[in-house]
Structures are given as structure tokens and as C-alpha cells.
Protein chains: 2
Amino acid sequence: MDTTVQSTEDRIHEAARKVFHQKGFNGARMQEIADLAGINKALLHYYFRNKESLFEKVFNETFSQIVSNMTKIFLSEMALMSKIEIFVNFYINFISQHSYVVPFIINALYEKPEQLREIITRQNVSPELLLEQIRKQLKEEMGLDIDPLHIYVNILGLTIFPVVAKPLIQSIFAISDERMVVFFEQRKTIVPTFISNALKGYEKNKSLAKI
Amino acid sequence: MDTTVQSTEDRIHEAARKVFHQKGFNGARMQEIADLAGINKALLHYYFRNKESLFEKVFNETFSQIVSNMTKIFLSEMALMSKIEIFVNFYINFISQHSYVVPFIINALYEKPEQLREIITRQNVSPELLLEQIRKQLKEEMGLDIDPLHIYVNILGLTIFPVVAKPLIQSIFAISDERMVVFFEQRKTIVPTFISNALKGYEKNKSLAKI
DNA sequence: ACTATTTTTGACCGTTTGGTTAAACTATAT
DNA sequence: ATATAGTTTAACCAAACGGTCAAAAATAGT
């Protein structure tokens with residue numbers, strides 16, 4: 001398949017990403033990462049000082065990837081509802097393909113909250129622009145004075161939660177793999193419709209819109 | 001404070017719950033559980049065969065607690081929108097107070113999917129009643145032919161996701177602890193309103209309601 | 001008071017873990 | 001060819017881990 005020659009450092013990095021994503025910091029073994037990269041374990045410590053620093057590198061990369069994609073769409077020049085449609089579509093695909101990523105981040109944040117809070121703030125995502133943009137569009141395109149943070153969190157919750165809770169939903173409701181694929185395809189249209197309906201509801205009754 | 005004399009087994013059980021909830025299976029140490037219970041490590045293995053069985057006990061208890069509360073509200077005799085209001089209120093409080101519980105379950109399901117899928121199906125929650133009840137109420141109270149699973153997942157996502165992603169939201173948007181409390185208080189009214197608006201939107205335009 | 005049973009302990013064991021070290025190998029430049 | 005710097009390895013280490021064991025302490029039955 002892939003015949004491109006990777007540098008040792010890249011092979012380690014890729015292997016570490018896979019193992020950390022699947023097993024978390026505590027579940028991951030340095031030996032397993034070395035095996036997956038096809039190298040000696042000592043070579044891991046030659047390129048990366050220790051497990052912590054290797055994990056930090058993976059976490060940083062993963063986190064910034066997720067967040068940058070998240071903001072990119074909402075900072076573009078489109079109508080708000082179009083952004084939401086694209087966002088939902090993109091994220092259901094993305095997280096389905098990288099199903100370990102979000103649990104990995106949630107897990108990491110609960111395993112070592114203090115250390116990661118630092119790392120996150122060091123990345124300074126500066127989401128003020130994002131929220132301001134949403135606030136502006138809610139106002140100008142729909143005449144709504146709603147807290148953009150709540151709307152944004154709603155969008156994230158409707159999109160991300162089902163993907164994260166997939167194993168749970170599948171077990172509880174006894175859904176086959178095939179039906180699960182259909183389920184997520186349906187959500188690509190259902191979620192934007194749901195949000196659109198909700199926002200239109202505020203328009204009809206603007207006295208309730210002040211929150 | 002609490003002067004009730006607990007049995008050793010209960011003390012172990014409580015200690016195990018706390019440690020497993022905070023650190024997950026891989027992060028938890030038997031020694032730490034023993035210390036927290038104020039007993040010798042060997043006594044752990046006297047009451048519980050090994051780490052796995054102790055974890056299973058904690059997982060079962062936690063999982064059934066979450067799910068039973070989840071279904072109880074929706075199977076009661078009330079109007080759908082009242083159920084949703086009560087559900088959102090209850091769960092924002094519950095998960096805020098037990099903030100480790102949901103990540104614990106998500107984490108567990110990604111750490112050991114096969115074993116837990118068994119355990120979950122063994123508990124057989126039988127959610128058909130729940131979905132059927134929601135479907136019926138959507139139809140009778142609002143005249144909607146919508147897939148109840150999607151609506152239910154939407155309710156869960158809007159309610160649970162923000163609590164799970166709390167450390168993330170707080171770090172990214174630089175929100176103080178006090179503002180975070182306000183944020184969740186706001187959601188207790190915002191989420192039911194959001195859902196109510198969305199459902200009313202389907203009523204207006206029933207051609208879109210078939211999903 | 002004595003015995004039998006249950007509960008609790010300290011010391012210990014084999015394995016696994018992240019990490020180190022010194023030596024070997026490779027490539028490059030002179 | 002030889003010195004030099006960078007790369008890779010096998011062997012090893014101390015600490016931490018889950019788990020065991022035999023003996024001590026506590027409890028209950030007679």
C-alpha cells in the first residue's frame with residue numbers, strides 16, 4: 001500500500017498516536033508503541049525523553065487538529081445555517097473515522113486535568129472570534145439575541161455526543177452495525193433540521209429569546 | 001460527620017468506586033483502594049477475587065444507576081415536555097454532582113469494549129418500552145411521526161455532553177468556576193426551550209417530519 | 001475455658017513497567 | 001582508510017504492580 005519511506009521519528013510518532021488513542025495514557029505500553037513502530041524500545045527514549053513527553057506531543061497534535069477544524073468552518077463566510085450543515089456533516093464523518101479521538105481527549109482530561117489545562121491554554125485557541133461571529137450571524141440573519149455559547153454547545157452536543165456514546169447506544173438499544181451506519185447518515189440531515197427549527201422557534205416568540 | 005459503622009466490604013466497595021471513577025481501570029491501583037478503605041491490600045483479595053471482578057462490580061452498579069434513572073422519568077405518566085424538563089433538570093444536577101460517572105463509563109467502554117458489551121446486555125435494560133412511549137407521546141401530544149430514537153439521543157446529547165465536556169469548554173472558553181455554575185443553571189431552562197421549539201417546528205411543516 | 005471459624009495482617013513472589021547503559025552499527029566527511 | 005557524529009540494539013535495572021501465603025488477631029459456638 002504505502003511505500004513512502006518514513007523517518008524513524010515519524011514512525012514512532014504514528015505508532016504512539018495509534019496506541020495512545022486506543023488505550024489512553026495509562027493503558028498504553030511503551031513496548032507496544034516500539035513494536036508497532038518496528039523498533040527497539042530504547043530508541044523511543046532516544047527520540048522522546050519519556051512517556052509523558054511522547055503523550056504530550058500526541059495530545060497537542062490531536063487536540064489542535066480537532067479544535068482547528070471546529071473553528072475553521074464557523075469563521076468562514078457563509079450563512080449560519082449553511083455552516084451548521086457543513087459542520088455536522090464534516091464532524092459526523094470525521095469522528096466516525098477517528099472514533100477514538102474524542103474519548104481519548106475526554107479520558108485524558110479526566111486522567112490528568114491539571115497538566116492538560118496548562119497545555120490547552122498554552123495553545124490559546126482564542127474562541128472569542130468564533131463566538132462573536134455566531135452572535136453576529138444569529139442577530140443579523142435571524143434577529144436573535146441569544147447567547148452564542150449555548151447555541152454552539154448545543155450544536156456540539158447534538159453532533160459529537162452520539163458518536164462518543166456510540167458503543168453505549170448500540171449496546172442499550174441493540175442496534176446492528178449496519179443500522180448504526182444508517183443512523184449516523186440520518187443525523188446529518190436531522191440535526192441541522194432540529195437546530196433550524198429550534199432557532200426559528202425563537203424568532204416567533206422573541207420575548208423568550210433573551211437568555 | 002458520618003458515624004455510621006460500615007462493614008469492611010462496604011468500605012472496600014465505596015473506596016473502589018471512588019478510585020475507579022476517577023482513574024479508570026488502568027489508572028486505578030489496588031493499593032490506593034486499600035489505603036482509602038483503611039485496610040490491608042490482602043484483604044481486598046479476600047473479599048474480591050481480583051481487580052477485574054472488583055471493577056465489574058463497580059461498573060455494574062454505576063451503569064444500572066445511570067440507566068435506571070434515565071428510563072424511570074420517561075416511563076412515568078406525564079406530558080412529554082414535562083418529562084423533558086424534569087429529565088434535563090435532574091441530569092444536570094446528578095451528573096454535576098457525580099462528574100466522573102459518565103467519562104468513567106465512556107472510558108470503560110473504550111478500554112474494554114467486548115467484556116462490557118456482555119455485561120450491558122446481561123443487564124437487559126429493554127429500552128423498547130421507553131422508545132415506544134416517546135413515539136406515542138410525540139404522535140398523540142404533538143402529532144409528530146418522528147423517530148423517537150433520534151429525539152431521545154438529541155435530549156441526551158444536549159444534556160449530557162456539556163457536563164462531560166465541561167473541563168474542555170472551561171479551558172477553551174476561559175470560563176471561571178462561578179460562571180460555569182451559572183452556565184449549567186441556564187441550561188436547565190435553555191435546553192427544554194430549545195427542544196420544545198425544535199419539535200414545534202416539525203408541527204408547522206409536517207412534510208419534513210418524516211425521517 | 002476451649003475450640004473452630006472468620007477476619008486481618010505483614011512479608012513475600014513473580015511479572016511487568018518505564019527507563020538506562022554501554023556497545024555495536026551506519027553514514028558522512030576528510 | 002580513518003576519525004566523527006548520529007543511529008540502533010541487546011541486556012539490564014529499580015520500582016511498581018497484582019496477587020499469594022502463612023500466621024496472627026478477633027469473633028462466635030460449646
Side-chain angles (χ1 to χ4, degrees), chain A residues 3-62 104 107-108 110-112 114-116 119, chain B residues 3-62 104 107-108 110-112 114-116 119:
Chain A
T3 50
T4 53
V5 181
Q6 271 181 309
S7 73
T8 305
E9 192 167 343
D10 284 347
R11 291 217 317 280
I12 293 177
H13 199 253
E14 191 182 323
R17 208 183 53 230
K18 286 182 186 167
V19 175
F20 278 131
H21 278 189
Q22 285 188 37
K23 316 227 166 151
F25 180 80
N26 287 319
R29 302 297 122 175
M30 294 298 267
Q31 187 62 59
E32 192 182 348
I33 295 174
D35 290 348
L36 194 63
I39 53 150
N40 191 286
K41 196 180 59 167
L43 205 53
L44 278 184
H45 295 86
Y46 176 74
Y47 282 100
F48 301 89
R49 209 166 313 139
N50 51 30
K51 196 182 179 184
E52 292 272 348
S53 72
L54 185 51
F55 178 81
E56 262 192 37
K57 200 144 194 167
V58 170
F59 181 86
N60 266 318
E61 178 208 58
T62 305
F104 162 76
N107 184 12
Y110 274 84
E111 268 181 346
K112 27 176 71 187
E114 330 77 25
Q115 298 136 60
L116 296 187
I119 295 175
Chain B
T3 50
T4 54
V5 181
Q6 270 181 308
S7 73
T8 305
E9 191 167 345
D10 284 347
R11 291 217 316 281
I12 293 176
H13 199 253
E14 191 183 323
R17 208 183 54 230
K18 285 181 186 168
V19 175
F20 278 131
H21 278 188
Q22 284 188 36
K23 316 223 168 156
F25 180 80
N26 286 320
R29 300 293 108 129
M30 295 298 266
Q31 187 62 60
E32 193 182 347
I33 295 173
D35 290 347
L36 196 62
I39 52 150
N40 192 286
K41 196 180 60 166
L43 204 54
L44 278 182
H45 295 86
Y46 175 76
Y47 282 99
F48 300 89
R49 210 166 313 139
N50 51 30
K51 196 182 179 185
E52 293 272 347
S53 73
L54 185 51
F55 179 81
E56 261 192 37
K57 201 143 194 167
V58 169
F59 182 86
N60 267 318
E61 177 207 56
T62 304
F104 163 75
N107 184 13
Y110 273 84
E111 268 180 348
K112 27 177 71 187
E114 330 77 27
Q115 298 137 57
L116 296 186
I119 295 175

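Here is how names work: the chains are called A, B, and so on, in the same order as the sequence lines, proteins then strands, and each is numbered from 1. Model, not experiment: these values are computed from the prediction.
- Around NZ of A:K57, the count of heavy atoms belonging to other residues, nucleotides or ligands within 6.0 Å does not exceed 12.
- Judged purely by distance below 3.5 Å, without hydrogens or angles, the side chains of A:Q31 and A:D35 pair a donor atom with an acceptor atom.
- The distance from the NZ atom of A:K23 to the CZ atom of A:R29 is 8.5 Å, given to the nearest 0.5 Å.
- Evaluation of the ring-ring contact (aromatic ring centres under 6.0 Å, His included) test over residues 25-44 of chain A, restricted to residues two or more places apart or in two chains, returns A:F25-A:F55.
- Rounded to the nearest 0.5 angstrom, A:L43 CG and A:R11 CZ are separated by 8.5 Å.
- For the atom pair CD of B:E14 and CD of B:Q6, the computed distance is 4.5 Å after rounding to the nearest 0.5 Å.
- By the neighbour-count criterion of 12 heavy atoms within 6.0 Å, atom NZ of A:K51 is densely surrounded, having more than that number from other residues, nucleotides or ligands.
- One finds the CD1 atom of B:I12 at 5.0 Å from the CG atom of B:L44 (value rounded to the nearest 0.5 Å).
- Using a 4.0 Å cutoff on non-hydrogen atoms, the parts of residues 32-52 of chain B near DNA chain C are B:I39, B:N40, B:A42, B:L43, B:Y46, B:Y47, ordered by number.
- Nucleotides of DNA chain D that come within less than 4.0 Å of any heavy atom of chain B span, from the 5' end to the 3' end, D:dC17 to D:dC21.
- The separation between A:K23 atom NZ and C:dT17 atom C1' is 15 Å, rounded to whole Å.
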